[in-house]
Amino acid sequence: PILYSYFRSSCSWRVRIALALKGISYDLVPVNLVKDGGQQFSTEFKALNPMQQVPALKIDGITLSQSLAIIHYLEETRPNPRLLPQDPKKRAQVRMIADHIASGIQPLQNLGVLKQIGERKTEWAQNCIASGFQALEQILQHTAGRYCVGDEVSMADLCLVPQVANAERFKVDMGPYPTITRINKALLELEAFKVSHPSRQPDTPAELRA
């Protein structure tokens, strides 16, 4: 497999965690979203992913984009360890939390949107994340065990950790979100979350390396 990734992209990080958890080795091709006006806009990359976003994964003779679609494919083709619970209610909760983050928070504060917002981008990102986290904290109080849904790592957790990292980067006050903070801390102790961390990627700038 070949993963097209950017060290700081939260969507790429989700996929890196899934690959690490499932023990899938891959080659990483960095796509710098800032350099040269954004390498994702190159003709070569547009042919690979018409949405001009990372991640993209070449695997089993196909090329997939969209992090959750990639994770679903990995889950269906390489089911161990599982990232979706067997219980239909818990499975629905995992998907709900993953979508809450992947559709309801992350796109509102991603690079493309912040460029359009301009000078007020930090305030904008803080507001988007805080409003999403208020809802998420409430949801997690009903679903969480050690992790987002019960005591097994799931797709929801793969979305949570990168989003908390974004919140910290935009200096969001995490005080009102004790459940999110607790789960994030527990997840960051796991090896798959450590090796996939933005501070430990081949394209991480020297000053941001762990």
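Keep in mind the model is a prediction, meaning the values are calculated, not measured.
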(request) List in chain and number order the residues that pass side-chain contact (heavy atoms from CB on, under 4.5 Å) with Ala18, two or more places apart in sequence or in another chain; answer none if no residue qualifies. (result) Ile71, Leu74, Leu83, Leu158
(message) Quick check for you: to the nearest 0.5 Å, what is the distance between Arg16 atom CZ and Arg14 atom CZ?
(response) 11.5 Å
(request) Starting from Leu108, walk the hydrophobic network (Ile, Leu, Val, Met, Phe, Trp, Tyr; side-chain heavy atoms closer than 4.5 Å) and list everyone else you reach, by chain and number. (result) none
(message) Can you tell me how far apart CD1 (Ile105) and SG (Cys159) are? Round to the nearest 0.5 Å.
(response) 10.0 Å
(message) Considering only residues two or more places apart or on different chains, which pairs with a residue in residues 174-197 satisfy salt bridge (charged side-chain N to carboxylate O under 4.0 Å, His left out)?
(response) Arg146-Glu189
(request) Looking only at non-hydrogen atoms, find the nearest pair between Gln93 and Val149 and report the distance. (result) OE1-CG1, 3.8 Å
(message) Working to the nearest 0.5 angstrom, can you tell me the gap between Ser9 OG and Gln201 CD?
(response) 10.5 Å
(request) For Thr204 and Pro198, indicate whether the former's side chain and the latter's backbone hold a donor-acceptor pair under 3.5 Å. (result) yes
(request) Please test Val164 against Tyr177 for side chain to side chain contact (heavy atoms under 4.5 Å, CB included), starting from the C-alpha separation and ending with a verdict. (result) CA-CA 10 Å; Val164 173; Tyr177 318 116; over 6 Å; no
Acceptor/donor pairs from residues 127-140 side chains to any protein atom, 3.5 angstrom cut, sequence neighbours excluded:
from: Asn127; atom 1: ND2; to: Glu123; atom 2: O; distance (Å): 3.3
from: Glu137; atom 1: OE1; to: Thr179; atom 2: N; distance (Å): 3.2
from: Glu137; atom 1: OE1; to: Ile180; atom 2: N; distance (Å): 3.1
from: Glu137; atom 1: OE2; to: Gln141; atom 2: NE2; distance (Å): 3.3
from: Glu137; atom 1: OE2; to: Thr179; atom 2: N; distance (Å): 2.9
from: Glu137; atom 1: OE2; to: Thr179; atom 2: OG1; distance (Å): 2.5

(message) The criterion is salt bridge (charged side-chain N to carboxylate O under 4.0 Å, His left out); which residues satisfy it with Glu168, sequence neighbours excluded?
(response) none
(request) Identify whether Val195 and Tyr26 are in the same connected component of the hydrophobic contact network (ILVMFWY, side-chain heavy atoms under 4.5 Å). (result) no
(message) Could you report the tightest heavy-atom contact between Ala125 and Leu114, atom names first, then the distance?
(response) CB-CD2, 4.2 Å
(request) With the side chain counted from C-beta on, respond yes when Asp99 and Leu68 share a heavy-atom pair under 4.5 Å apart, and no when they do not. (result) yes
(message) Could you measure the distance from the CG atom of Asn110 to the NZ atom of Lys115? Nearest 0.5 Å is fine.
(response) 10.0 Å
(request) Just grab all the salt bridge (charged side-chain N to carboxylate O under 4.0 Å, His left out) pairs involving residues 17-38, residues at least two apart or on different chains. (result) Lys22-Glu75
(message) Given Leu57, which partner from the list Ile62, Thr63, Ile70 fulfils the side chain to side chain contact (heavy atoms under 4.5 Å, CB included) test?
(response) Ile70
(message) Within the 4.5 Å heavy-atom criterion, are Arg95 and His72 side-chain neighbours or not?
(response) yes
(request) Return yes if some donor-acceptor pair links the side-chain N/O of Ser67 with the main-chain N/O of Val15 below 3.5 Å, else return no. (result) no
(message) Please enumerate all residues that pass salt bridge (charged side-chain N to carboxylate O under 4.0 Å, His left out) together with Arg8, with sequence neighbours excluded.
(response) none
(message) Which Ile, Leu, Val, Met, Phe, Trp or Tyr residues join Val31 in one cluster when any pair of side-chain heavy atoms under 4.5 Å counts as a link?
(response) Ile2, Tyr4, Tyr6, Phe7, Val29, Leu33, Val34, Phe45, Leu48, Val54, Leu111, Leu208
(request) Not counting sequence neighbours, which residues clear ring pair (Phe, Tyr, Trp, His ring centres under 6.0 Å) with His197? List them please. (result) Trp13
(message) Test of understanding: with side-chain contact (heavy atoms from CB on, under 4.5 Å), list the residues that count as partners of Phe41, not counting sequence neighbours.
(response) Gln52
(request) Quick one: list whatever passes side-chain contact (heavy atoms from CB on, under 4.5 Å) with Ser154, sequence neighbours left out. (result) Val94, Ala156, Asp157
(message) Show the nearest heavy-atom pair for residues Ala144 and Ile183, with the distance to one decimal.
(response) CB-CD1, 3.8 Å
What side-chain donor-acceptor pairs closer than 3.5 Å can you find for residues 84-91, not counting sequence neighbours?
from: Gln86; atom 1: OE1; to: Arg82; atom 2: NH1; distance (Å): 3.4
from: Asp87; atom 1: OD2; to: Lys89; atom 2: N; distance (Å): 3.2
from: Asp87; atom 1: OD2; to: Lys90; atom 2: N; distance (Å): 2.9
from: Arg91; atom 1: NE; to: Pro85; atom 2: O; distance (Å): 2.8
from: Arg91; atom 1: NH2; to: Pro85; atom 2: O; distance (Å): 3.2

(message) Please check this pair: side chain of Gln109 against backbone of Gln106, looking for a donor-acceptor N/O pair closer than 3.5 Å.
(response) yes
(message) As an exercise, state the distance from CG of Leu19 to CZ of Arg78, rounded to the nearest 0.5 Å.
(response) 9.0 Å
(message) If you compare all heavy atoms of Thr143 against all heavy atoms of Cys148, which two are closest, and at what distance to 0.1 Å?
(response) OG1-O, 2.7 Å
(request) Determine whether Leu188 and Val172 fall in the same hydrophobic cluster, where Ile, Leu, Val, Met, Phe, Trp and Tyr are linked whenever their side-chain heavy atoms lie under 4.5 Å apart. (result) yes
(request) Please tell me if the side chains of Lys171 and Gln126 come closer than 4.5 Å, counting only heavy atoms from C-beta onward. (result) yes
(request) Look up atom CD1 in Ile17 and atom CZ in Phe193, then write down how far apart they are to the nearest 0.5 Å. (result) 4.5 Å
